[in-house]
Amino acid sequence: MEHRTLGSLTVSALGLGCMGMSEFYGKGDEQESVATIHAFLDAGGTLLDTADMYGPFTNEKLVGGAIKGRRDDVVLATKFGNERREDGSWVGINGKPEYVRAACDASLQRLGVDHIDLYYQHRVDKTVPIEETVGAMAELVQAGKVKYLGLSEASADTIRRAHSVHPITALQTEYSLWEREPETKVFPVLAELGIGFVPYSPLGRGFLTGQLRSEDDFAPDDFRRHSPRFQGENFTRNLELVDRVTELATAKGCTPAQLALAWLLAQGEHIVPIPGTKKRDRLQENLGAVDVELTAEDLARLEELAPAGVAAGGRYPDMGSIDA
């Protein structure tokens, strides 16, 4: 497995997003999920991504159990800030210093580890100055509970302010062939400050795999049923993009998912996508992306097929939680 550097943190070129093993994408299979994590590590992958709110709370326990006895093989990333109750209900976004400390301690216990390698603020709390939140996160570094700090879905201004308090190692934000907004304002700041970038939903929430052809393909509890990009006319229009990507992938001798991930890897050595899956066969497909070589002609063709703003519909029904 090729390796890359996020700030000063070395990780595998592809990470593994673990969210769907516990929630949001239909029912999971814990045994298969654990086997998928093990297969990822066996293949040389290191970066595992989870969060306290996935489940809620159960995903960290799953990941912690899966890496027991293999802690040294893992770069463990988790997040705080989307506060939920045990019953799954939402409390809100919380960036208060006292919550940061309590959330970290709870995550450490669920994961069964003595430190977190990369600790993200999952969403920016617009009611709390980012300097206060990151100040509390920095205290966790000083205490040895956390090694590196990250932000998720933070604006360019927030990133600058946060980085002035303590070095930010990575920004995690949605980015893919159908979501390219970070390129305009965020990427220049990351380059200036030497911050790595971790695209989540690098396969467009599974859409760019070419496997989703109808709204009926989603389980009843799949959150994509409520996403504007997966509804009505937007779904139909976005299928046209997928078909174009699939055609090019076929010509390259790879799958659409591998092509989409290879495109991300080609955007910069500081970029480490975290495609999520709960099945070993999909994992192996995704890992094959590192062997797909894109020529300048391929990249130009993809730019033509999937220009910025190509996707129909918003990312979320409500974008109010996104720091813009």
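Of all heavy-atom pairs between C18 and I37, the closest is SG-CD1, 4.3 Å. What you find for A13 and L265 is that their closest heavy atoms are O-CD2, 3.6 Å. For the pair A77 and L47, the tightest heavy-atom approach, listed with the atom from each and the gap, is CB-CD1, 4.1 Å. Closest heavy-atom contact between P228 and P317: CD-N, 3.7 Å. Of all the heavy atoms in G95 and V100, the pair that sits closest is O-CG2, 4.0 Å. Among all heavy-atom pairs drawn from L264 and P199, the shortest one is CD2-CG, 4.3 Å.
Between the side chain of R71 and the backbone N or O of V74, at least one donor-acceptor pair lies under 3.5 Å. Judged purely by atom type and a 3.5 angstrom limit, T5 has no side-chain atom pairing as donor or acceptor with the backbone of G7. When atom types are taken as modelled, the side chain of S155 and the backbone of T158 share a donor-acceptor pair closer than 3.5 angstrom. Counting only distance, with no hydrogens or angles, the side chain of H3 and the backbone of M1 share a donor-acceptor pair below 3.5 Å. At distances below 3.5 Å, not a single donor-acceptor pair connects side-chain atoms of Q121 with backbone N or O atoms of T133. A donor-acceptor pair under 3.5 Å is formed between the side chain of T173 and the backbone N or O of E153. In terms of modelled atom types and a separation under 3.5 Å, the side chain of R225 and the main chain of A219 share a donor-acceptor contact. Judged by distance alone, with hydrogens and angles left aside, the side-chain atoms of T209 form a donor-acceptor pair with the main-chain N or O of G206 at under 3.5 Å. Without hydrogens or angle criteria, S107 side chain to C104 main chain gives no donor-acceptor distance under 3.5 Å.
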Can E304 and R301 be said to form a salt bridge (charged side-chain N to carboxylate O under 4.0 Å, His left out), step by step? CA-CA 5 Å; E304 179 184 343; R301 180 59 176 155; 3.0 Å; yes
Start with the C-alpha distance between K79 and D49, add both sets of side-chain angles, then the distance that settles salt bridge (charged side-chain N to carboxylate O under 4.0 Å, His left out), and finish with yes or no. CA-CA 9 Å; K79 316 176 197 71; D49 185 88; 2.6 Å; yes
Pair R70-D42, salt bridge (charged side-chain N to carboxylate O under 4.0 Å, His left out): steps then yes or no: CA-CA 10 Å; R70 302 192 64 171; D42 291 342; 2.9 Å; yes
Trace of the salt bridge (charged side-chain N to carboxylate O under 4.0 Å, His left out) decision for K145 with E139: CA-CA 9 Å; K145 297 179 179 181; E139 292 175 3; over 6 Å; no
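Under the ring pair (Phe, Tyr, Trp, His ring centres under 6.0 Å) criterion, F218 pairs with F230, not counting sequence neighbours. Every residue two or more places apart in sequence or in another chain that forms a side chain to side chain contact (heavy atoms under 4.5 Å, CB included) with V34 is listed here: E30, H38, L62, A66. Not counting sequence neighbours, the partners of E174 by the side-chain hydrogen bond (donor to acceptor under 3.5 Å, both in side chains) test are R205, R315. For E303, the side-chain hydrogen bond (donor to acceptor under 3.5 Å, both in side chains) criterion is met by R180, not counting sequence neighbours. Scored by the side-chain hydrogen bond (donor to acceptor under 3.5 Å, both in side chains) test, E2 finds R4 as partners (sequence neighbours excluded). For T50, the side-chain hydrogen bond (donor to acceptor under 3.5 Å, both in side chains) partners are N59, not counting sequence neighbours. F24 meets the ring pair (Phe, Tyr, Trp, His ring centres under 6.0 Å) test with F223; sequence neighbours excluded.
Between E23 and R84 a salt bridge is recorded (basic side-chain N to carboxylate O distance below 4.0 Å). Using a 4.0 Å cut-off between charged nitrogen and carboxylate oxygen, D222 and R224 count as a salt-bridge pair. Classification of E32 and K278 as a salt-bridged pair fails, no side-chain N sitting under 4.0 Å from a carboxylate O. By the 4.0 Å N-to-carboxylate-O rule, R101 lies too far from D105 to be salt-bridged with it.
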Under 3.5 Å, which donor-acceptor pairs do the side chains of residues 243-251 form with other protein atoms, sequence neighbours left out?
unit_1 : atom_1 : unit_2 : atom_2 : d
D243   : OD1    : R213   : NH1    : 2.9
D243   : OD1    : R213   : NH2    : 3.2
R244   : NH2    : L305   : O      : 3.2
T246   : OG1    : V242   : O      : 2.8
T250   : OG1    : T246   : O      : 2.9

Got a list of side-chain donor-acceptor pairs under 3.5 Å for residues 289-296, not counting sequence neighbours?
unit_1 : atom_1 : unit_2 : atom_2 : d
T295   : OG1    : E297   : N      : 3.3
T295   : OG1    : D298   : N      : 3.0
T295   : OG1    : D298   : OD2    : 3.1

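The closest side-chain donor-acceptor pair between Q211 and D217, if any, does not fall under 3.5 angstrom. Inspection of the S33 and T36 side chains reveals no N or O donor paired with an N or O acceptor under 3.5 Å. One side chain, T127 or D125, offers a donor N or O that lies under 3.5 Å from an acceptor on the other.
Screening T78, V75, T46 against D117 for a side chain to side chain contact (heavy atoms under 4.5 Å, CB included) leaves a single residue, V75.
Two residues are said to be in side-chain contact when any heavy atoms from C-beta on lie closer than 4.5 Å; H270 and L6 fail this criterion. At least one side-chain heavy atom of L203 sits under 4.5 Å from a side-chain heavy atom of L261. Residues K147 and I116 have side chains not in contact (no heavy-atom distance under 4.5 Å, counting atoms from C-beta outward). Side-chain contact between V141 and L149 is present, with heavy atoms from C-beta onward closer than 4.5 Å. Residues L171 and V198 fail the side-chain proximity criterion, which asks for heavy atoms closer than 4.5 Å. At a threshold of 4.5 Å between non-hydrogen side-chain atoms, the residues P273 and I271 count as touching. Using a 4.5 Å cut-off on side-chain heavy atoms (C-beta onward), L76 and I67 make contact. Here the side chains of I274 and Q172 are in contact, with some heavy-atom distance below 4.5 Å.
Judged by the 6.0 Å and 45° rule, R229 forms a cation-pi pair with W178.
With rounding to the nearest 0.5 Å, the separation of CD in E60 from CG in L48 is 12.5 Å. One finds the CD1 atom of I168 at 9.5 Å from the CG atom of L193 (value rounded to the nearest 0.5 Å). The distance from atom NZ of K96 to atom CD of E83, rounded to the nearest 0.5 Å, is 8.5 Å.
F40 and V113 fall within the same hydrophobic cluster, defined by Ile, Leu, Val, Met, Phe, Trp and Tyr side-chain heavy atoms under 4.5 Å apart, directly or through other members. Linking Ile, Leu, Val, Met, Phe, Trp and Tyr whenever their side-chain heavy atoms come within less than 4.5 Å leaves W90 and M319 in two separate clusters.
Applying the ring-ring contact (aromatic ring centres under 6.0 Å, His included) definition to pairs two or more places apart or across chains, those involving residues 231-269 are Y175-W263, F207-F235. Contacts classified as ring-ring contact (aromatic ring centres under 6.0 Å, His included) and involving residues 110-131 (residues at least two apart or in different chains) are given here: Y54-H122, F80-Y119.
As a member of the Ile/Leu/Val/Met/Phe/Trp/Tyr network built from side-chain separations under 4.5 Å, F57 groups with nothing else and remains a singleton.
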